[in-house]
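A short write-up of the structure that comes next.
Here is how names work: the chains are called A, B, and so on, in the same order as the sequence lines, proteins then strands, and each is numbered from 1.
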Number of protein chains: 2
Amino acid sequence: MSQMQNVEKQLREMILGLEIGPGERLTERWIESRFGASRTPVRAALLRLETEGLVCRDGRGWTVSPINLAEIEQIAVYREAIEVAAVKLTCALEDRSAVDVVEAMLDSCDAGTPREEWHRVGMDFHIELARLSGNEFLFRAVRDAMTRLSRARWLEVRDEAALGRAWAEHRAILAAVRAGDANEAAHRLSAHIVGSRDRLVTSLHNDRRGLRARGFAVVAA
Amino acid sequence: MSQMQNVEKQLREMILGLEIGPGERLTERWIESRFGASRTPVRAALLRLETEGLVCRDGRGWTVSPINLAEIEQIAVYREAIEVAAVKLTCALEDRSAVDVVEAMLDSCDAGTPREEWHRVGMDFHIELARLSGNEFLFRAVRDAMTRLSRARWLEVRDEAALGRAWAEHRAILAAVRAGDANEAAHRLSAHIVGSRDRLVTSLHNDRRGLRARGFAVVAA
DNA sequence: GATACCAGCTTGGTATCCCAAAATGGTACC
DNA sequence: GGTACCATTTTGGGATACCAAGCTGGTATC
C-alpha cells in the first residue's frame with residue numbers, strides 16, 4: 001500500500017483538526033511511529049505540508065506552524081485580490097448555471113448540522129466559487145489560502161447569528177453572480193472577506209489567553 | 001556538504017535554462033548520477049520543483065513540464081489580478097521611495113547588456129514591484145507565476161524594438177506608482193500584462209514548429 | 001555552590017538496499 | 001510477417017543503516 005499519501009493526508013488532518021497544536025514540535029521519528037510508515041514517506045509529507053504552510057522548519061527540526069495574526073491579515077488582502085478576480089471572471093461567463101451547485105452546498109447546512117460541517121462548507125463555498133471562474137491558478141490560490149486560514153477559522157468563536165450573517169452574505173454574492181452583476185458581486189465579496197477577517201482577528205485576539213492555555217502558539221508577527 | 005539545496009538549485013537552473021527540454025523525461029537515477037547526490041535529496045528536489053510547476057508526474061516517473069499555451073493564457077489573467085492588487089497597495093503607501101530601487105534595475109540594462117540579463121531583469125521587475133506592496137502572499141504569487149512563465153519568455157523571439165516598448169511600459173508604471181496614481185498604475189500594468197501575453201503566445205505559436213524541432217514539447221491544452 | 005566540560009543520546013540529512021510494478025525486448029507460434 | 005506472451009531490466013516507492021551536529025545531563029573541579 002502506498003503509505004505516502006496516507007501519511008500526508010492523515011498528518012494534514014491532524015494538524016488542521018488541531019489534534020496537533022500550532023507551535024508544537026514535530027520529529028520525523030514520532031510521525032514515523034505514529035503512522036507506521038518509514039521516514040521516506042514522512043519526509044515527502046513534511047515537504048508537501050511545508051509548501052502548504054502547515055509545518056515550517058524550526059532551525060534543525062520541524063514545527064507545526066503557529067497561528068500568525070499578521071499572516072491572517074495579509075491573507076485577507078490576498079484573498080480579496082484573487083477571489084474578486086475569480087468572481088468577476090465568473091460573472092462574465094455566458095453559462096453561470098453552476099452557481100446552483102454552490103448554492104446547494106449552502107442549503108446542505110441547517111440548524112441540526114454539526115459545527116464541523118459548517119466550518120468545512122464555509123471554506124468550500126469560497127473554493128468552489130473560485131473554481132467556477134475556470135482559472136486554475138485563481139482556484140488553487142484560493143484553495144491554498146483557505147487551507148492556511150482553516151485552523152484559525154476553526155479556533156474562531158462563532159455564534160449562530162454570525163454564521164447566519166455569513167450565510168446570508170454568501171447567498172447575496174451568489175445572487176449577484178447569477179445575475180451577472182460583476183460589480184455587485186465583487187463589492188459584496190470584498191465586504192464579506194474584510195468582515196470575515198475582522199471577526200476572525202478580533203475573536204482570536206480576545207481568546208488569545210485561552211488559546212495559549214491550550215498550548216497553541218499564537219504570534220502577532 | 002548539504003547536497004539537497006544544491007541538487008534543487010542546479011536542477012532548477014537546468015530546467016529554466018532549457019538545458020533539459022520541456023517534455024523531457026527525468027529519472028531519479030539519472031539526476032542522482034548527474035549531480036553526484038543520492039536519491040533522498042533528489043526526491044526532495046523533485047517534490048519542490050513539482051510545486052513550482054517545473055516538473056510533473058508522468059504516470060510512474062517524472063517529466064519536465066511542457067510549455068502549455070493554455071496555462072500561459074491563464075497565468076496572464078492570474079497575474080493581472082495579483083500584480084494589479086499589489087501595485088494598488090503600493091500606491092496607497094505613504095513612503096513609495098523604494099520604486100527608485102526598481103527603476104535602477106531597469107537602468108542597469110542598455111544596448112550592450114546580454115539578452116540573458118534583459119530576460120532576468122524583465123522578470124525581476126515584476127517580482128520586485130510586487131514586493132513593494134509589503135504583502136508576502138501577493139509577492140510569492142507573482143514570483144511563482146514569473147517562474148512558471150520563465151521558460152516560455154526565454155523561448156520568445158523578441159526584437160530590440162519589443163524590448164524597448166516593454167521597458168517604456170515598465171517606466172510608465174513606475175511613474176504612476178511614484179505619483180501615487182493607483183488607477184493609472186493599475187491600468188498601465190494591466191495593459192502591459194495583456195500585451196505581454198499576446199506577444200508571448202503569438203511568438204510561441206508562430207515558432208511552434210521550430211520548438212518541436214528542438215525537441216521541446218509545446219501543448220495547446 | 002557554581003561553572004565548565006565531556007559523554008551519550010536525539011535528530012535530521014544522506015546513502016543504500018529491497019521490492020513490486022511497469023516497461024522493454026526478444027522469441028515462438030500462428 | 002505479425003502478434004502474443006514471457007523473461008529481464010528499469011524505475012519509483014519504501015525501509016533501513018549510518019553519520020554528523022547539537023542538545024542534555026551529569027560530574028568534576030575551582
Given [options], identify the nucleotide with an atom nearest to the side chain of [X].
{"X": "R39(B)", "options": "dG12(C), dG13(D), dT14(C)", "answer": "dG13(D)"}
{"X": "W62(B)", "options": "dG14(D), dG12(C), dG12(D)", "answer": "dG12(D)"}
{"X": "E28(A)", "options": "dG12(D), dG12(C), dG14(D)", "answer": "dG12(C)"}
{"X": "T40(B)", "options": "dA15(D), dC18(D), dA15(C)", "answer": "dA15(C)"}

Query raised in the report: Between dA15(D) and S38(A), is there an OP1 or OP2 to side-chain N/O distance shorter than 4.0 Å?
Result: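 The answer is yes; a side-chain N or O of S38(A) sits under 4.0 Å from OP1 or OP2.
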
Give the rounded distance in Å between these two atoms: [atom1] of [X] and [atom2] of [N].
{"X": "R29(A)", "N": "dT16(D)", "atom1": "CZ", "atom2": "C1'", "value": "10 Å"}
{"X": "D58(B)", "N": "dA22(C)", "atom1": "CG", "atom2": "P", "value": "14 Å"}
{"X": "E32(A)", "N": "dG13(D)", "atom1": "CD", "atom2": "C1'", "value": "15 Å"}
{"X": "F35(B)", "N": "dT14(C)", "atom1": "CZ", "atom2": "P", "value": "15 Å"}
{"X": "I31(B)", "N": "dT14(C)", "atom1": "CD1", "atom2": "P", "value": "15 Å"}
{"X": "N6(A)", "N": "dA15(D)", "atom1": "CG", "atom2": "P", "value": "12 Å"}

Query raised in the report: For the side chain of R57(B) and the base of dG12(D), is some donor closer than 3.5 Å to an acceptor across the two?
Result: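 Per atom types, no contact qualifies.
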
Query raised in the report: Below 3.5 Å, does any donor atom in the side chain of R43(B) face an acceptor in the base of dG12(D), or the other way round?
Result: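 Flag unset: no donor-acceptor pair detected.
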
Query - R214(A) to F216(A) six-membered ring, cation-pi geometry met (6.0 Å, 45°) - result: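 Verdict for F216(A): no cation-pi partner in R214(A).
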
Query - Side-chain H-bond candidate by donor/acceptor type, D100(A) with S97(A), under 3.5 Å - result: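 The criterion, which ignores hydrogens and geometry beyond distance, is not satisfied for S97(A) and D100(A).
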
**Report entry** Distance-only donor-acceptor check, side chains T147(B) and E52(B), under 3.5 Å
**Finding:**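 Result is no, nothing qualifies.
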
Query raised in the report: Within the side chain of H119(A), is there an N or O that forms a donor-acceptor pair under 3.5 Å with the backbone of S150(A)?
Result: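 Checked: pair present.
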
Query raised in the report: L46(B) near the nucleic acid: base, sugar-phosphate alone, or nothing, with a heavy-atom cut-off under 4.0 Å?
Result: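 The answer is nothing, as L46(B) stays clear of every strand by at least 4.0 Å.
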
**Report entry** Carboxylate-amine/guanidinium proximity below 4.0 Å for E28(B) and R43(B)
**Finding:**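 Salt bridge flag = yes for R43(B) with E28(B).
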
Query raised in the report: Watson-Crick or G-U wobble partner for dC30(D), using a 3.5 Å limit on both distances?
Result: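 Per the H-bond distance test, dG1(C).
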
